[in-house]
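Taking it in order: structure first as structure tokens, then the write-up.
Naming: A, B, ... by sequence-line order, numbering from 1 per chain.
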Protein chains: 2
Amino acid sequence: MSDLLERLRGRGWRLTAQRRVIAEVLDGEHVHYTADEVHALAVARLPEISRASVYNTLGELVALGEVLEVTTEGGRAKRYDPNAHRPHQHLVCSGCGTMRDVHLVTDPMGALPEGERFGFTVSGVTVTYYGRCPECGSRA
Amino acid sequence: MSDLLERLRGRGWRLTAQRRVIAEVLDGEHVHYTADEVHALAVARLPEISRASVYNTLGELVALGEVLEVTTEGGRAKRYDPNAHRPHQHLVCSGCGTMRDVHLVTDPMGALPEGERFGFTVSGVTVTYYGRCPECGSRA
DNA sequence: ATCCTATATTGGACATCATCTAAGTCAAGA
DNA sequence: TCTTGACTTAGATGATGTCCAATATAGGAT
């Protein structure tokens with residue numbers, strides 16, 4: 001993620017303590033925090049950071065294509081996925097909301113026949129799998 | 001949709017004017033209203049119906065498996081899809097939010113290899129295509 | 001090293017979507 | 001027709017996200 005900060009600086013992004021802390025929080029594999037979770041983790045490193053800055057910065061990272069915004073059925077809050085580099089999809093636990101990145105063996109775009117496009121110019125597709133993670137098992 | 005009311009009555013569902021009106025609003029092809037849209041359309045037929053009843057009834061219909069709750073990236077409010085009978089996916093216009101039901105030529109479940117399941121018991125999958133509808137064209 | 005200014009941050013108000021509550025109302029079986 | 005448990009209601013409350021005016025600051029210019 002440190003290269004992320006480098007890249008952004010190259011784009012004229014002003015590097016502030018708040019933005020650096022948020023980028024640090026987003027560093028890692030299978031990271032899919034909500035804005036509030038990012039804020040809580042950022043506060044642990046920089047107590048005076050505001051919620052507005054977290055929303056602002058996440059929004060900018062999304063606009064810059066460095067972070068993906070992810071919405072799931074049932075889940076109320078959006079989640080933020082720093083793995084914007086390689087295309088992937090998600091597997092979500094309907095018990096605890098845990099999310100894993102998954103990679104498909106076929107391109108889902110190919111599953112939509114021409115006759116089902118209703119004149120749309122189709123530009124993207126998201127695939128989300130739902131199930132129970134090992135911890136949640138078959139409990140309700 | 002009248003058979004829906006029959007089915008629900010068979011399940012001990014108490015048939016009230018509010019519920020009947022909501023079921024009527026949800027009748028049709030490619031219907032994907034938000035709760036507020038359902039409320040507005042229901043008010044046109046039954047002026048004193050409350051928002052709470054709309055939320056209650058939609059929640060019950062979802063729990064009974066008669067209506068699907070649909071969330072899309074960017075779209076803030078959940079939408080409700082009465083086409084719960086035949087499996088399908090969605091195509092969403094990123095301009096106006098219009099949504100069409102689409103049917104895929106391959107089962108998306110097959111695209112997730114065993115090695116990408118992380119011990120989850122996978123039970124479902126949603127696929128959502130994004131693009132521009134003919135009315136919105138390529139305008140921003 | 002210091003200054004300058006465009007840009008970023010902040011707290012709190014506001015907006016939207018959804019849920020909850022307690023009191024009143026009603027569908028439908030006895 | 002009566003009774004009752006389920007349904008509806010208005011409005012409060014909660015969760016999430018956006019906006020704003022005032023203040024602070026990064027980083028280039030001096």
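Mapping A17(B) and Y55(B) onto DNA chain C via the closest heavy atom, the residue that lands nearer the 5' end is Y55(B).
For A52(A), the listed nucleotide lying nearest its side chain is dC19(D); candidates were dT16(D), dC19(D), dT18(D).
A donor-acceptor contact under 3.5 Å is not formed by the side chain of R76(A) with the base of dA15(D).
Contact annotation: R51(A) side-chain N/O to dT16(D) OP1/OP2 distance is not under 4.0 Å. Phosphate proximity of dT9(D) to Q18(B): present, with a side-chain N or O under 4.0 Å from OP1 or OP2.
Taking the six-membered ring for Trp and the full ring otherwise, Y33(B) and H39(B) have centroids separated by 6.0 Å or more.
Between K78(B) and E73(A) there is no salt bridge, since no side-chain nitrogen of the basic residue lies less than 4.0 Å from a carboxylate oxygen of the acidic one. Between R86(B) and D101(B), no side-chain nitrogen of the basic residue sits less than 4.0 Å from a carboxylate oxygen of the acidic one, so the salt-bridge criterion is not met. Salt-bridge formation is not detected for the pair R79(B)/E69(B): no Lys NZ or Arg NE/NH1/NH2 atom is positioned less than 4.0 Å from an Asp or Glu carboxylate oxygen. Comment: E66(B) engages R11(B) in a salt bridge, judged by a side-chain N to carboxylate O separation of less than 4.0 angstrom.
The distance from atom CD of E60(A) to atom P of dT18(D) is 13 Å, rounded to the nearest whole Å. As rounded to whole Å, 14 Å separates atom P of dT16(D) from atom NE2 of H39(A). In this structure, I49(A) atom CD1 and dT23(D) atom P are separated by 21 Å, rounded to whole Å. In this structure, D36(A) places its CG atom 10 Å from P of dA15(D), rounding to the nearest Å. Summarising the geometry, the separation between CZ on R79(A) and C1' on dT16(D) is reported as 13 Å, rounded to the nearest angstrom. Going from atom CG of N56(A) over to atom P of dC20(D) covers 12 Å, rounded to whole Å. In this structure, CZ of R9(B) is placed 18 Å from P of dA6(D), rounded to the nearest angstrom. The interatomic distance linking L46(A) (CG) with dT25(D) (C1') rounds to 13 Å, in whole Å.
Pairs passing the side chain to side chain donor-acceptor pair (under 3.5 Å) check and including a residue from residues 102-125 of chain A, sequence neighbours excluded, read H103(A)-E116(B), E116(A)-H103(B).
A nucleotide of DNA chain C counts as in contact with chain B when one of its atoms lies under 4.0 Å from a heavy atom; the first and last such, 5' to 3', are dC17(C) to dA28(C).
For H90(B) and D81(B), the side-chain atoms include at least one donor-acceptor pair closer than 3.5 Å.
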